[in-house]
Amino acid sequence: MEIVLKEKIKEAVKIIYNSDVTDELIQIQETRKDFKGDFTLVVFPLLRFSKNTPEKTGETIGNYLVDRFPSVSGFNVIKGFLNLEISDNWWVAYFEKMVSEKSHLENCQVEVAETILVEYSSPNTNKPLHLGHIRNNLLGNSLYRILSATGHNVVKTNIVNDRGIHICKSMVAWQNFGKGETPQSSGMKGDHLVGKYYVLFEKEYRAEIEKLVQAGTGEEEAKNSAPLMKATREMLLKWEAGDIEVVELWKLMNSWVYAGFDVTYKKLGVDFDKIYYESDTYKVGKDIVLSALKDNILYRNDDSSIWADLTPDGLDQKLLLRSDGTAVYMTQDLGTAVDRFNEFRFDKNIYVVGNEQNYHFQVLKALLKRMGYPWADGLIHFSYGMVELPEGRMKSREGTIVDADDLIEEMQETARVVSLELGKLSDFSEEEKEDIFRKIGLGALKYYILKVDPRKNMTFNPAESIDFNGNTGPFIQYTYARIKSVFRKAEQMGITPDATILIEAKIGIKEIELIKLLRKFSETVSIAAASYSPAVIANYCYELAREFNQFYHDYSILGEEDQAIRNFRLVLSKLTSEILFTGMGLLGIEMPERM
RNA sequence: GGUUCCGUAGCUCAGUUGGAUAGAGCAACAGCCUUCUAAGCUGUGGGUCGAGCGUUCGAGUCGCUCCGGAAUCACCA
């Protein structure tokens with residue numbers, strides 16, 4: 001409609017003022033709710049042609065449109081804004097077209113489908129997942145869904161940080177203090193068990209440092225010479241050398257962690273097409289670094305560590321291999337990127353990684369370009385904000401880490417309590433009830449996280465549990481369940497919606513408002529895909545649900561006597577439920593049929 | 001100190017390329033269930049959009065300066 005209006009206005013300016021206008025001067029937007037009308041032309045930019053007041057210009061163009069364009073049923077001019085009213089018929093016809101479309105995603109398909117890798121999750125195998133990882137997983141997974149929905153060929157990847165000095169820490173701690181404890185013997189989830197030893201390492205390590213400092217050793221010296229740290233460094237060297245005993249222990253402890261992660265991933269509803277392990281890719285990275293050294297792209301320091309000089313790129317010196325020859329984080333990321341390109345020939349490689357690593361990705365891209373990989377341009381750091389507590393960052397030392405498994409459990413528990421209180425599910429089996437609690441609890445959590453602009457830091461207050469009223473996941477799920485309920489009732493009454501006889505119905509204001517919102521769905525998905533923002537879809541779904549609830553409150557659907565109107569409202573409700581289902585599906589949120 | 005990001009109602013957040021009187025939810029208060037699910041709907045109060053200057057017919061949005069906060073600049077990941 002906007003496009004047609006633009007053409008008509010162009011034509012009007014041509015005929016009335018004898019001038020050619022460029023598209024960007026014709027600004028059409030939706031009319032604000034407090035004014036009468038559907039679309040608004042901002043007339044200020046056209047004053048240079050009309051050489052008249054904004055009011056006169058608006059009126060002249062308005063008159064022209066009403067005379068020549070039957071879909072424009074009326075207009076009003078307020079200040080420099082020409083508010084155009086579109087006829088009900090046009091809206092109903094448009095609605096009919098929407099209903100007839102096979103898929104609600106039909107209109108947001110990209111012209112050129114790209115191969116896009118989305119890397120998300122990226123856990124360390126030394127501790128369990130926490131709230132920060134939840135944001136990462138939900139964003140990454142939703143991004144995958146959104147990009148796929150617009151027609152791209154998307155591959156979900158995960159890089160597991162399964163090697164490195166931090167992994168050795170939990171291994172050393174387990175060796176020294178573990179007494180052979182296993183997930184089976186302790187009854188602990190594997191990732192939590194390994195995490196326990198990582199925490200223990202830090203504790204014991206600090207104690208050692210303190211002892212040394214008190215004995216007169218310097219702080220730095222103490223950190224380096226503490227027996228636990230020495231043991232850890234030795235273990236890393238042994239690991240890189242392939243020492244059998246170390247590798248076996250490493251495999252064993254990692255297997256515990258993976259079993260634990262799998263449970264959490266499953267609960268969150270995320271998965272991966274291809275999992276990379278740094279224990280594989282760091283070697284590729286090392287080779288790349290060494291060959292770049294040969295080509296004089298890198299340099300070797302006196303202590304034989306290897307560096308890149310990125311000062312010409314406005315960056316710094318960057319270490320790529322330690323003096324003892326072991327790899328750092330950057331080394332393996334180089335390897336992973338090259339590995340991936342060789343396997344997938346991606347157009348884009350999106351890293352869902354927190355904004356604390358902005359610098360890292362700048363360096364990674366600069367390095368790859370320096371090394372002559374032109375595809376490095378396709379590397380995109382999807383930099384999302386941290387999840388903070390009211391008092392600031394989560395800190396393991398202060399025990400403020402919000403554990404992922406605990407949080408998911410709490411959410412389901414809250415859903416259970418609220419649902420049982422409302423008591424609408426009494427005729428369900430225990431199993432069915434649990435499934436609904438799960439959907440609601442996770443819906444609340446996922447929506448809470450995803451409705452926020454991913455780029456921004458967000459605050460989570462553990463003291464206030466996540467809400468189930470207002471702008472929340474359960475609110476939208478509830479709206480959906482309500483519509484489903486209407487349809488169950490309609491079936492009982494022997495009424496089936498008929499999408500082919502809509503035009504006979506007279507429609508009201510709320511109904512047009514709903515149609516307007518439904519119409520914006522595909523555009524919203526396109527914007528979300530282009531801006532990598534699930535939040536855009538979350539907020540859209542909320543707006544749609546709110547609008548529907550108003551309609552639902554103000555109008556009777558099945559109680560309507562006029563059959564054409566009743567049918568229209570049924571079809572309208574049906575489309576709303578489908579859009580809500582699809583939209584929330586892009587966020588990875590399931591919808592219960594009843595709640 | 002350098003670089004980057006952020007500052008919108010008491011709290012948590014929206015605010016497409018600059019457009020009209022800046023919006024939601026939570027919390028508070030007041031209403032609405034003999035009628036399709038009240039996890040809902042309606043209303044009231046609550047704002048110098050961190051501050052200032054500039055560009056513009058028009059700035060929460062763009063530019064500059066300052067204030068406040070965060071991240072990063074590791075032989076950590």
Side-chain angles (χ1 to χ4, degrees), chain A residues 24 27 29 31-35 40 42 44-45 47 54 78-81 83 122 124 126 161 164-167 233 278 301 303 305-307 314-316 318-324 326 328-330 332-333 354-360 362-363 383 385-386 388 390 392-393 415 418-419 421-422 424 440 444 448 451-453 455-461 464 467-479 481-490 493 520 523-524 527 530-531 535-536 538-539 542-543 545-546 549-550 552-560 569-570 573 594-595:
Chain A
E24 65 261 20
Q27 295 176 26
Q29 51 196 248
T31 304
R32 292 177 57 119
K33 283 219 172 135
D34 15 323
F35 299 97
T40 294
V42 185
F44 293 109
L47 299 184
I78 295 166
K79 294 190 196 168
F81 298 89
N83 300 322
S122 326
N124 291 338
N126 61 344
N161 299 308
I165 195 100
H166 57 297
I167 307 298
R233 273 198 307 267
E278 289 193 351
N301 215 348
D303 63 2
S305 54
I306 297 175
W307 295 74
L315 302 165
D316 236 316
K318 183 72 198 176
L319 174 87
L320 295 176
L321 282 181
R322 295 190 184 99
S323 46
D324 64 6
T326 54
V328 292
Y329 182 47
M330 185 60 76
Q332 50 217 19
D333 253 358
N355 61 15
E356 55 193 352
Q357 292 189 35
N358 286 351
Y359 182 74
H360 173 80
Q362 247 180 298
V363 172
S383 164
M386 300 287 97
E388 290 172 348
R393 297 187 84 169
V418 174
S419 296
E421 238 167 55
L422 293 168
K424 296 176 186 174
I440 297 172
Y448 179 84
K451 75 169 177 184
V452 180
D453 184 334
R455 281 166 286 273
K456 290 189 181 172
N457 288 358
M458 62 179 288
T459 311
F460 172 80
N461 190 345
E464 306 166 8
D467 233 297
F468 283 42
N469 299 319
N471 187 356
T472 66
F475 169 86
I476 300 168
Q477 292 172 318
Y478 174 72
T479 309
R482 263 182 154 181
I483 299 175
K484 286 293 169 172
S485 175
V486 171
F487 276 92
R488 278 191 297 272
K489 180 117 184 205
M493 295 166 67
K520 276 162 73 175
E523 187 195 345
T524 302
I527 292 171
S531 59
V536 173
N539 287 306
Y542 171 64
E543 213 180 325
R546 201 161 48 104
N549 277 320
Q550 288 170 20
Y552 181 89
H553 182 266
D554 293 353
Y555 296 65
S556 181
I557 300 168
L558 297 173
E560 172 60 44
R569 289 181 186 165
L570 267 173
S573 303
R594 280 184 51 179
M595 65 186 275

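Heavy-atom basis, side chains included; hydrogens, waters and symmetry copies ignored. Numbers restart at 1 for each chain; the letters A, B, ... are given by sequence-line order, proteins then strands.
K456(A) has a side-chain polar atom (N or O) that falls below the 4.0 Å cut-off from OP1 or OP2 of rG7(B). Residue R322(A) places at least one side-chain N or O closer than 4.0 Å to OP1 or OP2 of rC76(B). Residue R32(A) places no side-chain N or O under 4.0 Å from the OP1 or OP2 atom of rA22(B). Within the 4.0 Å cut-off from OP1 or OP2 of rA71(B), at least one side-chain nitrogen or oxygen of R393(A) is found. Listed pair Y359(A) / rU72(B) fails the phosphate criterion, with no side-chain N or O lying under 4.0 Å from OP1 or OP2. For the OP1/OP2 pair of rG15(B) and a distance below 4.0 Å, the side-chain nitrogens and oxygens of N539(A) include no atom meeting the criterion.
Look at the P atom in both rG7(B) and rG63(B): the space between them is 14 Å, to the nearest Å. Across rG60(B) and rG47(B), the matching C1' atoms stand 12 Å from one another, rounded to whole Å. With C1' as the reference atom, rU42(B) and rG50(B) are 35 Å apart, rounded to whole Å. With P as the reference atom, rG69(B) and rC53(B) are 24 Å apart, rounded to whole Å. As rounded to the nearest Å, rA24(B) and rU65(B) have P atoms that lie 36 Å from one another. When the C1' atom is used for both rU16(B) and rU3(B), the distance is 29 Å, rounded to whole Å. Taking atom C1' on both rU8(B) and rU48(B), the two are 12 Å apart, rounded to the nearest angstrom. Comparing rA70(B) with rC32(B), their P atoms are spaced 48 Å from each other, to the whole Å.
Counting any heavy atom pair closer than 4.0 Å across all strands shown, F81(A) reaches a base atom. F487(A) comes within 4.0 angstrom of no nucleic acid atom, judged by non-hydrogen atoms across all strands. Contacts of T459(A) with the nucleic acid, taken as non-hydrogen atoms under 4.0 Å apart, involve only primed sugar atoms and P, OP1 or OP2. As judged by a 4.0 angstrom heavy-atom cut-off over every strand, N83(A) is placed among the base-contacting residues. Residue Q27(A) is in base contact, counting any heavy-atom pair closer than 4.0 Å across all strands shown. I440(A) comes within 4.0 angstrom of a nucleotide base, judged by non-hydrogen atoms across all strands. Nucleic acid contact for S531(A): none, since no nucleic acid atom lies under 4.0 Å from a heavy atom of the residue. No engagement by E464(A) is indicated, since no non-hydrogen atom pair under 4.0 Å with the nucleic acid exists.
With rounding to the nearest 0.5 angstrom, the CG atom of L321(A) is 7.5 Å from the OG1 atom of T326(A).
Judged by distance alone, with hydrogens and angles left aside, T40(A) brings a side-chain donor or acceptor within reach of the base of rA20(B), the pair sitting under 3.5 Å. Between the side chain of T479(A) and the base of rA39(B), no donor-acceptor pair under 3.5 Å is found.
P390(A) approaches N461(A) most closely through the heavy-atom pair CG-CG, 3.6 Å. The shortest non-hydrogen separation linking I483(A) to S573(A) is CG2-O, 3.5 Å. Annotation for F468(A) and A415(A): closest pair CE2-CA, 3.6 Å, computed over non-hydrogen atoms. For the pair L558(A) and V486(A), the tightest heavy-atom approach, listed with the atom from each and the gap, is CD1-O, 3.6 Å.
Between N471(A) and N539(A) there is a side-chain heavy-atom pair separated by less than 4.5 Å.
rU61(B) atom P lies 17 Å from atom CD of Q29(A), rounded to whole Å.
Consecutive pairing runs in RNA chain B reach the stem threshold at B:1-7 with B:67-73, B:10-13 with B:23-26, B:28-32 with B:40-44, B:50-54 with B:62-66, where a stem means at least three Watson-Crick or G-U wobble pairs with distances under 3.5 Å.
Using a 30° and 60° split on the angle between ring planes, Y448(A) and F460(A) fall in the perpendicular class, above 60°.
Of the charged side-chain nitrogens involved, at least one lies within less than 4.0 Å of a carboxylate oxygen, so that D453(A) and R455(A) count as a salt-bridged pair.
Once the 5.5 Å centre distance and the 30° plane angle are applied, the aromatic ring of Y552(A) is found not to be stacked with the base of rG40(B).
Side-chain proximity of F44(A) to the nucleotides rC57(B), rA20(B), rG25(B) is greatest for rC57(B).
Nucleotides of RNA chain B nearest to E388(A) and R488(A) differ in position, and the one nearer the 5' end is that of R488(A).
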